[in-house]
Enquirer: 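Let me begin by handing over the structure; questions about it come next.
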Amino acid sequence: MEEKKDLQEEKDLQEEPGTEETSEEVTTEEAATEDSAAKTEQTVEEDESESDEAGESAGEQEEGEDEAADSEEEKPLFGKKKKKDKKDEKIEELTDRVQRQMAEFDNYRKRTDKEKSQMFEVGAKSILEKLLPVVDNFERGLAAIDESEKDSSIASGMDMIYKQLTAMLEESGVKPIEAEGQPFDPDFHNAVMHVDDEAFGDNVVVQELQKGYMYKDSVLRYSMVKVAN
């Protein structure tokens, strides 16, 4: 009986270390399981953070693409002008209208100045033309004075008035037309008589019957002349 007990105790002693080893193995497996679980959780967290960062970068990229698209929409296409605002169109319209009115006013001013000048020329020409018979009468009166009376006060007074009148006409632009001895020119001469005279050539003014005058560049009165055939 005692030998059986001793054998039983030895078996129990042999079994106890095995039990401790088993418990240590179980503890080690649990620790490994916990470590793997922790690593799995860390991996999941890293994956989630990476996915979040990827999502943020993708969102930033999308925002950048949207901003680029908006900027491209704002920029006009090559070869096409950006549509003008109504305010700019109105400014251009008013500016064009003002420029047109200024041009019309300038043309009106030039036209009225020209008309005024022409009216003045016509009026001056009409008055000067009426003075020409007075000049003719002075010339006839001076030509009719006898040689013995040319030194008289009356003759001297007539001569002074005649010179003053002709000087005033010359200052106004009135000049006599050269006729006698000149070729006949219908633009300046009015032929009222024709004579056969071998001393003169054909169509040469032989005698001036009435003096003609020019007012600036126009004929104030044609010369009345006798022309040789």
Enquirer: Once side-chain contact (heavy atoms from CB on, under 4.5 Å) is applied, do any residues pair with Asp106, and if so which ones, sequence neighbours excluded?
Expert: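 Arg109, Lys110.
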Enquirer: Checking Val204 now: which residues fulfil side-chain contact (heavy atoms from CB on, under 4.5 Å) with it, not counting sequence neighbours?
Expert: Phe200
Enquirer: Can a donor-acceptor pair be found, under 3.5 Å and without considering hydrogens, that links the side chain of Asn107 to the backbone of Ala103?
Expert: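 Pair found, side chain donor or acceptor close to backbone of Ala103.
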Enquirer: If you look only at pairs with a residue in residues 183-193, which of them pass as a side-chain hydrogen bond (donor to acceptor under 3.5 Å, both in side chains), with sequence neighbours excluded?
Expert: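 Counting only pairs at least two positions apart or across chains, no side-chain hydrogen bond (donor to acceptor under 3.5 Å, both in side chains) contact touches residues 183-193.
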Enquirer: Are any of the side-chain heavy atoms of Val225 and Leu209 separated by less than 4.5 Å?
Expert: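 No, side chains not in contact.
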Enquirer: According to salt bridge (charged side-chain N to carboxylate O under 4.0 Å, His left out), who are the partners of Glu121, at least two apart in sequence or on a separate chain?
Expert: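 Lys216.
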Enquirer: Does any part of the side chain of Met214, heavy atoms only, come nearer than 4.5 Å to the side chain of Phe188, both counted from C-beta?
Expert: yes
Enquirer: Salt-bridged, Glu147 to Lys150, with N to O below 4.0 Å?
Expert: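 Salt bridge: yes.
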Enquirer: Sequence neighbours excluded, which residues qualify as salt bridge (charged side-chain N to carboxylate O under 4.0 Å, His left out) partners of Glu104?
Expert: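 Checked Glu104 against salt bridge (charged side-chain N to carboxylate O under 4.0 Å, His left out); zero matches.
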Enquirer: Are more than 12 heavy atoms from other residues, nucleotides or ligands located less than 6.0 Å from atom OH of Tyr215?
Expert: yes
Enquirer: Who passes salt bridge (charged side-chain N to carboxylate O under 4.0 Å, His left out) against Glu170, sequence neighbours left out?
Expert: none
Enquirer: Go through the structure and list residues passing side-chain contact (heavy atoms from CB on, under 4.5 Å) with Arg97, not counting sequence neighbours.
Expert: Glu93, Leu94, Gln101
Enquirer: Please list, chain by chain and in numerical order, all residues satisfying side-chain contact (heavy atoms from CB on, under 4.5 Å) with Ile154, sequence neighbours excluded.
Expert: Ser152, Met158
Enquirer: Return the CG to NE2 distance between Asp202 and His194, rounded to the nearest 0.5 Å.
Expert: 11.5 Å
Enquirer: side-chain hydrogen bond (donor to acceptor under 3.5 Å, both in side chains): which pairs involve residues 135-146, sequence neighbours left out?
Expert: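 Matches after skipping sequence neighbours: Asp136-Arg221, Asn137-Arg140, Glu139-Tyr162, Glu139-Lys211, Asp146-Ser148.
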Enquirer: Please list every donor-acceptor pair under 3.5 Å in which a side-chain atom of residues 122-129 meets a protein atom from a residue at least two apart or in another chain.
Expert:
{"unit_1": "Lys125", "atom_1": "NZ", "unit_2": "Val219", "atom_2": "O", "d": "3.3"}

Enquirer: Could you grab the distance from atom OG of Ser223 to atom CD of Gln182, nearest 0.5 Å is fine?
Expert: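 Atom-to-atom, Ser223:OG and Gln182:CD are 10.5 Å apart.
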Enquirer: Start with the C-alpha distance between Leu131 and Met168, add both sets of side-chain angles, then the distance that settles side chain to side chain contact (heavy atoms under 4.5 Å, CB included), and finish with yes or no.
Expert: CA-CA 11 Å; Leu131 287 174; Met168 183 271 295; 3.9 Å; yes
Enquirer: OG/Ser218 to OH/Tyr213 distance, rounded to the nearest 0.5 angstrom?
Expert: 15.5 Å
Enquirer: Lys175: which residues meet the salt bridge (charged side-chain N to carboxylate O under 4.0 Å, His left out) condition with it, sequence neighbours left out?
Expert: none
Enquirer: Can you pull the side-chain hydrogen bond (donor to acceptor under 3.5 Å, both in side chains) pairs that have at least one residue in residues 111-120, sequence neighbours excluded?
Expert: none
Enquirer: Looking at CZ of Phe138 and CG of Leu165, how far apart are the two atoms once the value is rounded to the nearest 0.5 Å?
Expert: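 Phe138 CZ to Leu165 CG: 6.5 Å, rounded to 0.5 Å.
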Enquirer: If you round to the nearest 0.5 Å, how far is CD of Glu89 from CG of Asp85?
Expert: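 Result: 8.0 Å between the selected atoms.
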Enquirer: Once you round to the nearest 0.5 Å, how far does CE of Met193 lie from CE of Met224?
Expert: 11.5 Å
Enquirer: Hey, quick one: are Val134 and Leu169 part of the same hydrophobic cluster, counting side-chain heavy atoms closer than 4.5 Å, chains of contacts allowed?
Expert: yes
Enquirer: Apply side chain to side chain contact (heavy atoms under 4.5 Å, CB included) to Leu132 and Leu220, showing your working.
Expert: CA-CA 9 Å; Leu132 295 181; Leu220 184 61; 3.7 Å; yes
Enquirer: How close do Thr166 and Val135 get, heavy atom to heavy atom, and via which atoms?
Expert: CG2-CG1, 4.4 Å
Enquirer: For Ala179 and Val205, which heavy atoms make the closest approach, and how far apart are they?
Expert: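 Heavy atoms only, the tightest pair is O-CB, 3.1 Å.
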